[in-house]
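Let me begin by presenting the structure, written as structure tokens, before commenting on it.
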Amino acid sequence: MARSRQQFTSEDASPTSSVRSKEWDGPSRWSEYLNSEMTSPAMSTSWKNGTTEGQQQEVGKGQKGLNLHWVVQLNEVAEGILAKMYRLNQVLDYPDPVSHVFSEAFWKAGVIPNHPKICLLLSKKFPEHHNKLQLERIDKIALDALHDNAEVYFQSLEPWVTLLLDLMSFREQALRLILDLSSTVITLLPHQNSLILHAFMDLFCSFVRVNLFSEKLPRKMMLQLYNLLHAMLRNGRDCEFYHRLVQFIDSYDPPLKGLQEDLNFVSPRIGEVLEAVGPIIFLSTDTKKLRNEGFLSPFHPRYPDILTNSAHPMRAQDLANVTFYREWVLFGYLVCPDELLRVTSIDIALVVLKENLVLALFRDEYILLHEDYQLYVLPRILESKKMAKSGRTKQKEADLEYSVAKQVEKMITEVHEQALISCDAIHRERRILLKQEIGRMVLFFTDQPSLLAPNIQMVFSALALVQCEIIWYFQHVGIASSKSKAVRNVPVEIDLNDPTIGYLLDGMDRLCSLVRKYNAAIRGYALSYLSSCAGRIRFLLGTPGMVALDLDANLKGLFQQIVQRLENIPKPHSENVSGITCNLSDLRKDWLSILMTVTSSRSSINIRHLEKATISTGKEGLLSEGNAAYNWSRSVDELESQLSKHGSLKKLYFYHHHLTAVFRNTMFGPEGRPQHCCAWLGVASSFPDCASMIVPEEITKIGRDAVLYVESLIESIMGGLEGLVNILDSEGGFGMLDSQLLPEQAAIHMNHATKFSTPSAKSPKGFVGLPLPGQESYPENNSSIKMLEAAMQRLTNLCSVLNDMEPICVLNHVFVLREYMRECILGNFRRRLLAVLKTDNDLQRPSVMEALIRRHISIVHLAEQHISMDLTQGIREVLLSETFSGPVSSLHLFEKPVDQRTGSAIEAICNWYIENIVKDVSGAGILFAPIHQCFRSTRPVGGYFAESVTDFKELKAFIRIFGGYGVDRIDRMMKEHTAALLTCIDTALRSNREALEAAAGSMHSGDRIEREANLKQILDMDTVVGFCIQAGQALAFDLLLAKAAGAVLDEGAPLIFSLLDGVAKHLPDKVPEKTELRRLRWVANGVGVVGDHDSEWVRSILEDVGSANDGSWTLLPYLFAAFMTSQVWNTTAFNVDTGGFNNNIHCLASAVIAGSEFVRLEREHQQQKQSSLNEHGNEGVEPEVQSRQSIEANIKSMMQLFIKCSAGIILDSWRETNGSHLVAKLIFLDQLCELSPYLPRSTLEAHIPYSILRSIYSQYYSSNPLTQLALLSPSPRQSPAVSLAHASPSFKQNLGSSTPQNSGNYKASQNQEQLYDTFTDNNKKNIRRSGPLEYSTSRKVKFVEGSSSGSMGPSPLPRFAVSRSGPLLYK
């Protein structure tokens, strides 16, 4: 097989051959794992701050004592190896090599060949060689496939087998270094040799972590398979390090047994260290002592006047390391179980084991703590117990050893049950303590920032404790632990609704912000301390004890160099501290050199000598002063590194799903605080720091996950913000304060109050669903008011916090919460606007809609007070976008862009009005009521009757919401609808032109028979009448809309309204008009200040559709006159209550005739002008310009012609069988004269006597309401004067069903008299209304009651000649 890799060209080539070129026993072997920042001892702010107390600055070469440089490097190597194993574990889909359970993704990962039978056999039969396994019998096909693809599989396994070699090499070097340190370091007590102790224990824990983690990898399968492939490629030879790796893996199978054996020699030193840190662990678990003695308080607990805590400064500083101490205990007793037999160890182990269920290895990987203690520690204890029992008669100490072993056995067997029950309660209590302490600390240092610098170590301790508790919380979320030997998983009950997490995160964030804010002050204090420390160290070096030690030249030179460096530190008094730049890494390097020398057993002068020589002064010893100088020097140039170490929560990245869940459960809960959002979001900024340089792809993945985490939290925050706004905007929020009674509800309350005299009966509690205004003030409603106040407070706090929040930076992404908040509020307003348009049934009333929108805007204004952004402008933009549907036709000259979206809100509401009011597609019986200036319906249109949405007040509310764009949109839609109707009329005129011309001739000649014959030839008359009725409804609705628009304009901009009103009265009367004048007239007509609105509106339609351009429209009066023979009059009736008919054909008659005449004459003028230009060329004479007076005269003559023809048809076609229809027709003609400005009443008087009309109106407005029903009777034999008693029961029932609710044809006598009085008053004001006519003295008509017998021959109207109520008194 061809080999692609260069190293395979040699027969002996293998990946292990490259290892021989490395120094197996030296640190240069780990160049891959050591980043560039580790090459310089002065660099301490590396990307990883895993090592403690700044051991990155170690020197290493040429020292007679210890060399900690390798310690720091091996810690770095351990991190790299763990990162590689973590990545391999991810790639292999987290296999279980112990139980040999592998998922489908494991075999498809491309690392292990997808031949499970052979691979599992090699793993299970480890450490047997593959030659002894007879693999051909297991799976011959798979073995052949391995032969064919051996090189590809070999290459895929090579980097991971190299990882096994690194594990073996690391084990050897780290173990050698641990044993060397354990045997040479004189003391490892925290109060004497803290720096060396942390370096040693960090390496110890890293060594244990690496080997415990290796158990999660399929080590056996990888090695066996790799060796098989190597043998296939190398003629059956094993790889060079195969046998060493087999021995290594076998000795660490399971790893804990190998660790216990390897670390047996250092076990006593580990036991000493764990005993030494026990008091600090006990202190950290005693929440009562921490609180009462003020270990985390910046002032003395018993003496509040003493602000700096000097009661126990060392203990308070040691609390910063308690997290490491707990890990030392858990790892130490796990791999050195014999140390549990110490008398004091059992209490230390019990305290730590009782509050933990898992032991973190790396990132989110862990082992189940108590299971491993029972499997690997308990047998060793039982063995010790057995040996002590057997040796009880031989040695006196056996009894004590046996007793201790028995206690340890009991502790290990019982502590698991205790941990399952109490661990969460223990940590919850600790979180509550830290919440209180860190909250007080933030308030105190915010108020007294000058005390932050002296207490900086205590701040670090508080941060470390909070960091430990937060990470513990998320490590144990969802953990299931086996409760006994029988494998039974018991989930740990971790409360995902614990609000203390938010408080702790917020406290950490605010403390870190304070430290960064007062960085200069902390540096200045540290520099001052170091300057004073120089004198103290110089004094200690000159004491007799130090002189008597006779230090060697090297050590003495280091001490002198330390003093010189301290004395050369810049003084912060005379210059700006923030401008001081100094690198104190050399100072720390020299001090570590001294420590490595004096702590080594090989040195003639050790640490004990120095303590004894300087402790006699009664002050701090030399080592204490040096260690303090070391720690304070880090506050000068490594403050950010220390903050990152103690205050970083980058490990939470591996629990970010739980983090999101806890945030959503707690942020907007009863104890959630909006200001915590900053901390929850700020955590993501440190997530990319988790990425390892050993695994480059992690940087991209972690960065992407961090961005998604921030986006998810922002979505939750904005959802909460939207929820708060909606709570306030609900009926239980501000809607409760705006409650008003409808008139009907108020009447119910008043009737109830007057009916019952007892106070209890007047109580509003008796009315369910009818709360009185002000009911929120009753004591039983205090909870709802408190809820409302809490929602307002939370909304304003959240807006203030989000407004002041700094941008969240995650890699190259920047999240500005202020912008998100603006988009959220405006987006919610847009959704709210669209939601209030309609109710569950149908369209919302515009007045209610306006009130709801104003209520929502008031809430937005409330939030705007706490935001440094203009939300009002955004609201205007939203309203404009939902209202704009194109340029206003009468104002704008530009065309609508093609990609311009029409506002969905205005589109929805305009479509509803057109379909349900103008077109009446639902068949609700829409009628226009001229008296009430609104439309009415016989049944509800959706959720309301028509008058509830077309009232003048409702239309004004509609215009206030949607403005001029809304008015123009609905106007254009009505014009389109009316244009289609006018086109139908134009078609009817053209198709019936011959019949109309013949009918016109017969009307003028007086031939009744020929006229009737010609009228019967008119096609689709009823259909055309229906079109006319719809057009009349559109005209009436547009007139109402124009008046409402004028009223709104007059309220909001009275100067503009008065300007249009004045201009409209002085517009020139010439025809044709100039374009500018025509547009100005249309604008004035849109606000109802033009006299004849309908004519101008129809004129604009006809100009657009191109009708009335030939002689057909001259026949329009005859077509409308022919409508008098239509069957539509069978259902037509006049309603006193509404003042109109159920069809409005008269509106269309006057408007169409007027509009068509204007258009026809304008086009004639244009044709004359064009022909004149053609005849005379450039010297053409301008044709005569006609005035509007001449056009109006022509219109008047056409209207008179229509009245004459209609009256003739009505009177000539009267018969006894259809006489009741005459009433509606006659009232129609009278109403037309009243409405049309071109048709005086004298025109109608020439054809129909006033006495007839007077008699009709007298019966309508008489005191007997029953006579009104007679007018609508379908029986041809009933006259308006016939009583209701003559009507059949079926007719009564039909009347009841067809009568509009709340708007019927019949009223009580009192209402009729009031209505009659109203008409009388209106007539006095020269306002013309339908109803009884008022004649002046100059126009008296002789009327004789009961003159029906006085007429010669059969009178055409015998019934209407007599009025029961008598004639009205003439003036």
H100 (side chain) donor-acceptor with L120 (main chain) under 3.5 angstrom: no
Verdict with reasoning, S206 to L74, per side chain to side chain contact (heavy atoms under 4.5 Å, CB included): CA-CA 9 Å; S206 297; L74 283 180; over 6 Å; no
Atom OH of Y94 with >12 non-hydrogen neighbours under 6.0 angstrom: yes
Y252 six-ring centre to R171 NZ/CZ under 6.0 Å and within 45° of normal: no
Steps toward side chain to side chain contact (heavy atoms under 4.5 Å, CB included) verdict (M85, L82): CA-CA 5 Å; M85 290 193 295; L82 286 169; 3.7 Å; yes
Between S267 and D338: side-chain donor-acceptor atoms closer than 3.5 Å: no
Side-chain touch Y373/L378, heavy atoms, less than 4.5 angstrom: no
Any V358 side-chain heavy atom under 4.5 Å of I367 side chain: no
Output field: ring centroids Y242/H129 closer than 6.0 Å: yes
Salt bridge (Lys or Arg N to Asp or Glu O under 4.0 Å) partners of K385, counting only residues at least two apart: E409
Ring geometry between Y226 and H230 (parallel below 30°, tilted from 30 to 60°, perpendicular above 60°): tilted
Residue that, paired with L122, satisfies side-chain contact (heavy atoms from CB on, under 4.5 Å) out of L133, L223, N227: L133
Spacing of CD1 belonging to I348 relative to CD belonging to E339, to within rounding of 0.5 Å: 11.0 Å
Contact check, side chains of Y33 and K84, non-hydrogen atoms, under 4.5 Å: yes
Parallel, tilted or perpendicular: rings of H370 and H416 (30°, 60°): parallel
Residue pair P116 / F102, side-chain heavy-atom distance below 4.5 Å: no
Min side-chain heavy-atom separation L189-S194 under 4.5 Å: no
K651 atom NZ, over 12 foreign heavy atoms within 6.0 Å: no
Derivation and outcome, side chain to side chain contact (heavy atoms under 4.5 Å, CB included), residues R209 and F331: CA-CA 9 Å; R209 280 195 183 95; F331 282 121; 3.7 Å; yes
Validation row: L135, L228 side chains within 4.5 angstrom (heavy atoms): yes
Q467 side chain to K645 backbone, donor-acceptor under 3.5 Å: yes
Identified side-chain contact (heavy atoms from CB on, under 4.5 Å) partner of W70 from the options D180, N75, L177: L177
Donor on one side chain, acceptor on other, Y653 and D364, under 3.5 Å: no
Nearest-0.5 Å distance that lies between atom CE in M222 and atom CG in L163: 6.5 Å
Partners meeting side-chain hydrogen bond (donor to acceptor under 3.5 Å, both in side chains) with S601 (sequence neighbours left out): none
Close side-chain approach of E698 to Y86, heavy-atom, < 4.5 Å: yes
Side chains of N193 and T187, donor plus acceptor under 3.5 Å: no
Spatial distance of atom CZ (F213) from atom CG (L167) [nearest 0.5 Å]: 10.5 Å
Gap separating the CE atom of M168 from the CD atom of E172, nearest 0.5 angstrom: 5.5 Å
For R219, all residues meeting salt bridge (Lys or Arg N to Asp or Glu O under 4.0 Å), sequence neighbours excluded: none
Aromatic plane relationship, F207 with F170 - under 30° parallel, 30 to 60° tilted, over 60° perpendicular: tilted
Non-hydrogen side-chain atoms of Q73 and W30 separated by less than 4.5 Å: no
Trace of the side chain to side chain contact (heavy atoms under 4.5 Å, CB included) decision for L274 with R342: CA-CA 10 Å; L274 300 184; R342 294 172 180 259; over 6 Å; no
Steps toward salt bridge (Lys or Arg N to Asp or Glu O under 4.0 Å) verdict (R269, E272): CA-CA 5 Å; R269 299 303 300 270; E272 294 176 3; 3.5 Å; yes
